[in-house]
There are 2 protein chains.
Amino acid sequence: MKYIEKLRNSGLRPTKQRLQICEVLFDREKTFHFTINELEQKIKNHTSRKISLATVYNTVHAFEKKGYLKQIPINSSETYFDTNVTDHHHFYDLKEEKLIDLENSDVGPINILKRINGKKIKSVEVLVKLED
Amino acid sequence: MKYIEKLRNSGLRPTKQRLQICEVLFDREKTFHFTINELEQKIKNHTSRKISLATVYNTVHAFEKKGYLKQIPINSSETYFDTNVTDHHHFYDLKEEKLIDLENSDVGPINILKRINGKKIKSVEVLVKLED
DNA sequence: ACACTTTTTTAGAATCATTATAAACTGGAA
DNA sequence: TTCCAGTTTATAATGATTCTAAAAAAGTGT
Ligand SMILES: [Mn+2]
Ligand SMILES: [Mn+2]
Ligand SMILES: [Zn+2]
Ligand SMILES: [Zn+2]
C-alpha cells in the first residue's frame, strides 16, 4: 500500500480505516471536494466493513492538520473539504451545491494593495458563485 | 424614524424590534460585520427592553432576503453577516476572528477566464486570511 | 374607538452537524 | 508476548440554527 509510508511519515498509524479513507480520498485523477456525509457514502461503496462516523471526522481532521486536506469556506450547513491543498480558487454552483476548481491561470494574479499592521497574508482565495 | 419608510417600502412592518435592530445595524459610519450573537450583545447595550433571540434571527434573515444584509462565507461555527451589500472583498483575521473590508480598489480587477456551460457568474469574492 | 385580519414576536422545543467521552481495540516497539 | 500510546467506536453532549404554536402588535376598515 502506497499510503502506509505517507501516514507513518506524518506520525499517523496506518490503520485499516485510515488506509481505506486514503483510497477514497486520494485514488483519483481530479480534485475531490466533499462534505463529511458525501465522504461517508463513498466509503460505504468502497468497502465492506463499515467505518464509524466519529472515525471519519477524526481522520478528516487529522489529515487537515497534517496538510493533506483543507477546508473551503462556503455558506452551507455542512463543511466542505478539498484534496487540493495548493493555493487555488473555486466556482461554487449554488444550485448543485458543488465546488469546481479554478486554477490560478484561470483567474490571473491577484494583487492585494492594502495591508493590516502586524498581520501577514496567509492565503488569498477567490470564490465565484454560479447561478443558472 | 428614518427606517420606518425603508421597512414599509420593503413590505416589512416597522415594529419596535425591527427599528431597534435597524439602529444597531445601520446607524454607523463603517461597515458592520457580525455574528448573530455579537448583534444580540449590541442590541442589549442599545436598548432596555430585550428582543428575543428568535426575533434577531428572523429579522436578520428578513433583511438578508430584502438585500439589506448579506452573508460572508467564513470557516467559523457562527455565520457572519455584513451590512455592506455591495460587491467587495475581505480580510479575515484568523486570530481575532474579525472581518475587514477590502474595497475593489484595494484588490484590482479580477478576470475569471474559465466558464461553466449554462451557468452565470453571480458574484466574485476574495477572502484574504491574515495571521500574525 | 372597535372589530377583524395578517404579520410578527416569543419561549421553548426540535434539528442536525459536529465534538466530546470513555471503554474496547490495535499497531508496533521492546 | 507484553505493554502502552494511539485509535476506533457507540453514544452522549454541544451549540448554532430552525421550528412551533400561542400571544401580541400592526394595519385596515368602519
Ligand atoms: Mn476542523
Ligand atoms: Mn439565511
Ligand atoms: Zn479545490
Ligand atoms: Zn464587508
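Please read these numbers as outputs of a predicted model, since none were measured by experiment. Numbered from 1 within each chain, the chains take letters A, B, ... in sequence-line order.
- Between B/Thr79 and D/dA16 there is no side-chain polar atom (N or O) within less than 4.0 angstrom of OP1 or OP2.
- The residue A/Ser77 sits close only to the backbone: its heavy atoms come under 4.0 Å of sugar-phosphate atoms, none of a base.
- Using a 4.0 Å cut-off, no side-chain N or O of A/Lys16 falls inside it from OP1 or OP2 of D/dT8.
- Protein atom CZ of A/Phe63 is 10 Å distant from nucleotide atom P of D/dT7, rounded to whole Å.
- B/Tyr57 has no side-chain polar atom (N or O) that falls below the 4.0 Å cut-off from OP1 or OP2 of D/dT18.
- B/Ser76 and B/Tyr92 share no side-chain donor-acceptor pair at under 3.5 Å.
- Atom CZ of A/Arg49 is separated from atom P of D/dT8 by 10 Å (rounded to the nearest Å).
- Under 4.0 angstrom from either OP1 or OP2 of D/dT17 there lies no side-chain N or O belonging to B/His61.
- B/Arg18 has a side-chain polar atom (N or O) that falls below the 4.0 Å cut-off from OP1 or OP2 of C/dT8.
- For the pair B/Gln17 and D/dA25, the criterion of a side-chain N or O lying under 4.0 Å from OP1 or OP2 is not met.
- In this structure, B/Lys2 is not positioned above the aromatic face of B/Phe26 in the sense of NZ or CZ being under 6.0 Å from the six-membered ring centre and within 45° of the axis.
- A/Leu19 places its CG atom 10 Å from the P atom of C/dG28, with the value rounded to the nearest Å.
- Atom pair A/Phe34:CZ and C/dA17:C1' shows a separation of 15 Å (rounding to whole Å applied).
- When the P atom of D/dT17 is taken as reference, atom CD of B/Glu40 falls 11 Å away, rounded to whole Å.
- A close approach under 4.0 Å does occur between a side-chain nitrogen or oxygen of A/Arg8 and OP1 or OP2 of C/dG28.
- For the pair B/Thr15 and B/Tyr80, both in contact range of DNA chain D, the more 5′-proximal nearest nucleotide belongs to B/Tyr80.
- The residue B/Thr35 sits apart from the nucleic acid: no heavy atom pair falls under 4.0 Å.
- For A/Asp132 and B/Lys120, the salt-bridge test fails: no basic side-chain N is under 4.0 Å from an acidic carboxylate O.
- At whole-Å resolution of the value, CD in A/Glu97 and P in C/dA17 are 12 Å apart.
- Nearest-nucleotide assignment on DNA chain D puts the 5′-proximal partner with A/Ile51, out of B/Asn58 and A/Ile51.
- The side chain of A/Ala54 has D/dT11 as its nearest neighbour among D/dT11, C/dA11, C/dT6.
- Here the C1' atom of nucleotide D/dA16 and the CD atom of B/Glu78 are 7 Å apart, to the nearest Å.
- Distances from the side chain of A/Arg13 to the nucleotides C/dA11, D/dA16, D/dT7 place D/dT7 closest.
- The ring pair (Phe, Tyr, Trp, His ring centres under 6.0 Å) test applied to A/Phe34 returns A/Phe32, A/Phe81, not counting sequence neighbours.
- Phosphate contact (OP1/OP2 of C/dT10, side-chain N/O of B/Thr55, threshold under 4.0 Å): present.
- Taking 4.0 Å as the cut-off between side-chain N and carboxylate O, B/Glu103 and A/Lys114 do not count as a salt-bridged pair.
- Taking atom CG of residue A/Leu7 and atom C1' of nucleotide D/dT7, one finds them 13 Å apart after rounding to whole Å.
- Under the 3.5 Å distance criterion, with hydrogens and angles disregarded, a donor-acceptor pair is assigned to the side chains of B/His33 and B/Asp101.
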